[in-house]
Amino acid sequence: MADYNHLKALHHELPAFAPTVPTSLLPFLAAFSLLPTFALAFYFSTLPKDKFTLKEPLVATLASILGGFGVVALFCSAGVYV
């Protein structure tokens, strides 16, 4: 029981969580991540499909990464902390 009380005291001494990115910047981060995602998705869908180039996977990967971070930032700005 002494270990539990010791751990409980240590837990209460810890500082509160402070995010590295301020929550007031999350809507802007979401917008600046999702808008290029939509533009890159449009660009990817209009690429000629006659041959496989290195451009297709690079554009798709960049759009996917920006979309992933943008959706998480959008959820967090709406109060759904994932």
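What you see below is based on every heavy atom in this structure, not just the backbone, and it leaves out hydrogens, waters and symmetry mates.
Around CZ of Phe44, the count of heavy atoms belonging to other residues, nucleotides or ligands within 6.0 Å exceeds 12.
Cluster membership for Leu34 and Val72, using ILVMFWY side-chain heavy atoms within less than 4.5 angstrom, is shared.
Pairing each heavy atom of Leu66 with each of Pro36, the nearest pair is CD1-CB, 3.9 Å. Taking each heavy atom of Ala30 and Gly70 in turn, the nearest pair found is CB-O, 3.7 Å. The shortest non-hydrogen separation linking Ala63 to Leu40 is CB-CB, 3.8 Å. When all heavy atoms are compared, the tightest approach of Gly67 to Thr37 is N-OG1, 3.1 Å.
With sequence neighbours excluded, the residues that form a side chain to side chain contact (heavy atoms under 4.5 Å, CB included) with Phe75 are Val71, Val80, Val82. By the side chain to side chain contact (heavy atoms under 4.5 Å, CB included) test, Phe42 is found to be paired with Ser45, Thr46, residues two or more places apart in sequence or in another chain being considered.
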